[in-house]
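Note sheet for the following structure.
This one's a predicted model, so the numbers in the text were calculated from it and none came from an experiment. The first residue in the sequence is number 1, and the count goes up from there.
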Amino acid sequence: MNEAAFFEQLLNSAKKDTAVVASLRRSAAYDPGLYPPVFRYVEPYIHNLSEWRRTATYLAAAYWALAVRMGRDGDKDNTLAEAHSLPKALRVLQARSADTSKTIESRFQALLDADTDELQWRLRHLTSQLSAAGIAIDWPSLLKDLRDWSNPQRRVQVHWARQFWSAPEANSKGDPGVGENTKTQSKAKSSP
């Protein structure tokens with residue numbers, strides 16, 4: 001299944017019928033894949049997947065709907081250039097809010113250590129924080145990573161840790177907070 005096509009279809013369906021987002025949002029209160037009203041939106045894309053990959057798809061769809069509800073993602077046509085992988089989005093959030101930067105880092109560490117049973121609760125809080133801050137998440141990328149979460153080599157967790165703690169890219173487009181201090185300092189120096 002193509003993750004980008006899945007979210008594109010959800011977005012198109014949501015534009016035609018607001019019940020799509022409402023149902024998916026409501027499904028976040030249940031264990032993933034156990035809320036029958038959302039089956040018709042998700043099942044056509046996951047019928048041949050393993051149990052965990054099915055669960056991950058329901059989880060990502062529910063959190064996407066929560067972000068749409070909050071008016072941050074999905075209701076406008078975000079391009080992937082504007083969206084960030086989860087660890088990069090968290091790094092942007094951390095740069096914006098210095099007073100809570102340790103909290104964000106602690107929650108991210110807890111997420112990396114989460115098993116598949118804890119994942120939904122740890123992930124929900126972080127995706128909600130990002131949506132509330134207006135930081136777009138690359139949902140197809142998140143879904144792809146969630147599907148591989150239980151890999152014994154913990155490849156996703158290692159990859160996310162590297163993305164979060166690596167040095168910021170010098171000319172990162174769309175990363176608010178990255179490189180902003182140098183812009184502000186340049187303006188301050190050039191002002192009389």
Side-chain angles (χ1 to χ4, degrees), residues 3-4 6-11 14 20-35 38 41-42 45-46 52-97 100-150 156-157 159-165 174-177:
E3 291 85 2
F6 173 68
F7 284 104
E8 187 175 321
Q9 183 59 40
L10 284 182
L11 180 60
V20 174
V21 172
S23 295
L24 286 168
R25 186 179 68 238
R26 236 175 272 118
S27 76
Y30 295 82
D31 284 337
L34 296 181
Y35 186 64
V38 299
Y41 309 122
V42 180
Y45 301 94
I46 64 171
W52 169 249
R53 288 174 176 248
R54 294 169 58 84
T55 298
T57 305
Y58 276 102
L59 193 62
Y63 294 164
W64 170 84
L66 289 173
V68 169
R69 176 180 180 238
M70 297 173 81
R72 304 297 189 223
D73 287 338
D75 58 346
K76 58 184 182 219
D77 293 329
N78 287 331
T79 64
L80 289 180
E82 295 171 346
H84 304 281
S85 68
L86 186 75
K88 286 185 179 183
L90 289 170
R91 192 171 69 202
V92 171
L93 180 62
Q94 186 179 38
R96 283 187 187 175
S97 51
T100 59
S101 101
K102 287 293 180 196
T103 304
I104 293 165
E105 185 172 351
S106 296
R107 288 183 177 145
F108 180 66
Q109 284 179 318
L111 175 66
L112 292 178
D113 195 37
D115 61 20
T116 54
D117 293 333
E118 300 172 312
L119 184 62
Q120 79 181 87
W121 309 114
R122 300 203 184 274
L123 185 63
R124 180 178 182 157
H125 187 75
L126 290 171
T127 57
S128 294
Q129 270 189 291
L130 291 167
S131 294
I135 300 170
I137 298 170
D138 181 351
W139 293 102
S141 170
L142 179 60
L143 175 54
K144 184 178 184 307
D145 288 346
L146 289 178
R147 287 180 173 170
D148 292 332
W149 192 261
S150 57
V156 171
Q157 293 87 331
H159 178 69
W160 280 13
R162 288 177 181 160
Q163 282 188 331
F164 185 80
W165 283 292
D175 271 9

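Between W64 and A14, the closest heavy-atom pair is CH2-CB, 4.2 Å. Between T116 and S150, the shortest heavy-atom contact is CG2-CB, 4.0 Å. Across all non-hydrogen atoms, the minimal contact from L59 to P32 is CD1-CG, 3.8 Å. Counting all heavy atoms, side chain and backbone alike, E82 lies closest to A136 at O-CB, 3.9 Å. Among all heavy-atom pairs drawn from S85 and Q163, the shortest one is OG-OE1, 2.9 Å. Of all non-hydrogen atoms in S23 and Y35, the two that sit nearest each other are O-CE2, 3.6 Å.
Atom CG of residue L146 and atom CG of residue L123 lie 5.5 Å apart, to the nearest 0.5 angstrom. The line from CD of Q94 to CD of E105 is 5.5 Å long, rounded to the nearest 0.5 Å. We find the CD-CG distance between Q157 and L112 to be 6.5 Å, quoted to the nearest 0.5 Å. Here the OH atom belonging to Y63 is positioned 8.0 Å from the OG atom belonging to S128, to the nearest 0.5 angstrom. One distance of note links CD of Q129 with CD1 of I104; it measures 5.5 Å at 0.5 Å rounding.
The shortest distance between side-chain heavy atoms of L90 and L130 falls below 4.5 Å. Residues I46 and Y58 are in side-chain contact: their nearest non-hydrogen atoms beyond the backbone lie under 4.5 Å apart. Contact annotation: the side chain of T57 approaches that of R147 to within less than 4.5 Å [non-hydrogen atoms, C-beta and beyond]. In this structure, Y41 and Q9 have side chains that are not in contact, with every pair of non-hydrogen atoms separated by 4.5 Å or more. Side-chain atoms of T127 and L66, non-hydrogen and from C-beta on, never get closer than 4.5 Å to each other.
The backbone N or O of L24 lies less than 3.5 Å from a partner atom in the side chain of S27, making a donor-acceptor pair. A donor-acceptor pair is defined here as one N or O able to donate and one able to accept, closer than 3.5 Å; such a pair exists between the side chain of E118 and the backbone of D115. Checked by atom type and distance alone, the side chain of D31 never pairs as donor or acceptor with a backbone atom of L34 at under 3.5 Å. W139 places no side-chain N or O within 3.5 Å of a backbone atom of A4 that could act as its donor or acceptor partner. Between the side chain of R25 and the backbone N or O of V68, no donor-acceptor pair lies under 3.5 Å. A donor-acceptor distance shorter than 3.5 angstrom exists from the side chain of R96 to the backbone of A133, with no hydrogens or angles considered.
Every residue meeting the ring pair (Phe, Tyr, Trp, His ring centres under 6.0 Å) condition with W165, not counting sequence neighbours, appears here in chain and number order: F108. Contacts of D148 classified as salt bridge (Lys or Arg N to Asp or Glu O under 4.0 Å), with partners at least two apart in sequence or in another chain: R53.
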